[in-house]
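Heads up: the structure comes next, in structure tokens.
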Amino acid sequence: MAVKKQYWLIKSDPETLSFDEVNARPNSTIDWNGVRNYQARNFMRDELKKGDPVLFYHSQCKDTGVVGLAEVVRESYPDHTAWDKKHRYYDPKTDKDNPTWYMVDLKWKKAFKRTVTLAEMKSTPALKSMRVVQRGQRLSVQPVTKKDFDQVCKLGGENQ
DNA sequence: GCCAACGTTGGC
DNA sequence: GCCAACGTTGGC
């Protein structure tokens with residue numbers, strides 16, 4: 001049982017999947033598809049485990065930052081959107097018998113009382129080693145330490 | 001909309 | 001296998 005939990009941060013572009021959208025459906029499942037980066041793929045395929053807590057981060061909008069909490073509910077399986085010609089994440093190079101891309105399902109848990117913005121995380125000394133505050137960090141799935149995870153929850157008004 | 005950082009591609 | 005060119009991400 002006592003498998004150590006790994007904590008994660010995932011980024012979402014609100015144009016693709018917005019926080020408002022998932023927050024309107026409490027306990028809904030989110031298909032976390034469309035990741036087309038090998039490093040992020042490796043994390044998803046190999047390391048995101050059922051029950052792992054996830055920080056939900058909004059990128060490319062006015063208030064970038066962590067908006068709430070989710071949890072992994074289904075471990076990796078092939079990302080079917082890669083084979084859908086009409087899909088924006090269609091990848092002609094991937095083979096059905098040997099999938100390149102994987103996805104997981106998440107369950108939306110709850111919104112923070114307040115968004116923990118990127119600027120705020122950057123100005124919090126305790127979070128200075130977090131990946132997301134580092135320059136040029138573009139991975140859409142990143143591991144987070146428990147300490148950082150708890151700190152972000154605290155800033156967001158959600159003591160775990 | 002700009003631009004820096006980074007990942008991927010492809011010529012050699 | 002190197003590296004320049006190109007494309008994409010994402011903060012500002």
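Below, chain A is the first sequence line, B the second, and so on; all start at residue 1.
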**OP:** List for me each residue that meets side chain to side chain contact (heavy atoms under 4.5 Å, CB included) alongside Q6(A), sequence neighbours excluded, and say none if there are none.
**Re:**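 Only W8(A), D52(A), P143(A) meet the side chain to side chain contact (heavy atoms under 4.5 Å, CB included) criterion with Q6(A).
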**OP:** Please list, chain by chain and in numerical order, all residues satisfying salt bridge (charged side-chain N to carboxylate O under 4.0 Å, His left out) with D79(A), sequence neighbours excluded.
**Re:** R36(A)
**OP:** Report which part of the nucleic acid K62(A) touches: base, sugar-phosphate, or nothing (heavy-atom distance under 4.0 Å, all strands).
**Re:** nothing
Subject >> Nucleotide range of DNA chain C lying under 4.0 Å from chain A heavy atoms >> reply: dG7(C) to dC12(C)
Original post:
Other hydrophobic cluster members with M103(A), side-chain heavy atoms of Ile/Leu/Val/Met/Phe/Trp/Tyr under 4.5 Å, chained?
Top reply: Y77(A)
**OP:** Linking directly or through intermediates, with side-chain heavy atoms under 4.5 Å: list the remaining ILVMFWY members grouped with Y38(A), chain and number order.
**Re:**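 Members other than Y38(A) - counting any ILVMFWY side chain reachable under 4.5 Å - are W101(A).
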**OP:** Would you please name every residue forming a side-chain hydrogen bond (donor to acceptor under 3.5 Å, both in side chains) with S28(A), sequence neighbours left out?
**Re:** none
